[in-house]
Amino acid sequence: MTPEGNGRDQDCACCPASEVPAESGTGRPAASVVACPNGPLLVRGDFEIVTPDGVPIPRDRGTVALCRCGGSAIKPYCDGTHKLMKFDTTRRRPAPTAVLNEIPGSTED
């Protein structure tokens, strides 16, 4: 994907472009989110992206790729930087102790 691609990661092999979510009741497909391994979140269907103040962020595609590596120059959209930085979704950070204490039956290691 190129930086001018506004959030569409065409190299995400986990998500065939032909997959279309079911109808949402508005006549448009319901929203679906797919977390691509080591890549972006692909969002398809009837959805709106807004700023923290509630202002809609323009988009010109029905499917967008949202950055989850933190390295994109066009956030919230993916620009493919996850490939350069070898973003790895298989590595997980441990949950903070405060969160673990709120989960019944969980203990610290």
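Remark: the backbone N or O of T63 is not paired with any side-chain donor or acceptor of R61 at under 3.5 angstrom. No side-chain donor-acceptor contact under 3.5 Å links D46 to the backbone of A30.
With hydrogens and angles left out, the side-chain atoms of D79 and T81 include a donor and acceptor closer than 3.5 Å.
Under a hydrophobic-cluster definition in which Ile, Leu, Val, Met, Phe, Trp and Tyr are linked whenever side-chain heavy atoms come within less than 4.5 Å, directly or via other members, V33 and I57 are assigned to the same cluster.
Closest approach of N38 to H82, counting heavy atoms only: O-CD2, 3.1 Å.
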Tell me which donor-acceptor pairs under 3.5 Å the side chains of residues 66-74 have, and how far apart each pair is, sequence neighbours excluded?
unit_1: R68; atom_1: NE; unit_2: G39; atom_2: O; d: 2.7
unit_1: R68; atom_1: NH2; unit_2: C36; atom_2: O; d: 2.6
unit_1: R68; atom_1: NH2; unit_2: G39; atom_2: O; d: 3.4
unit_1: S72; atom_1: OG; unit_2: I74; atom_2: N; d: 3.0
unit_1: S72; atom_1: OG; unit_2: Y77; atom_2: O; d: 2.5

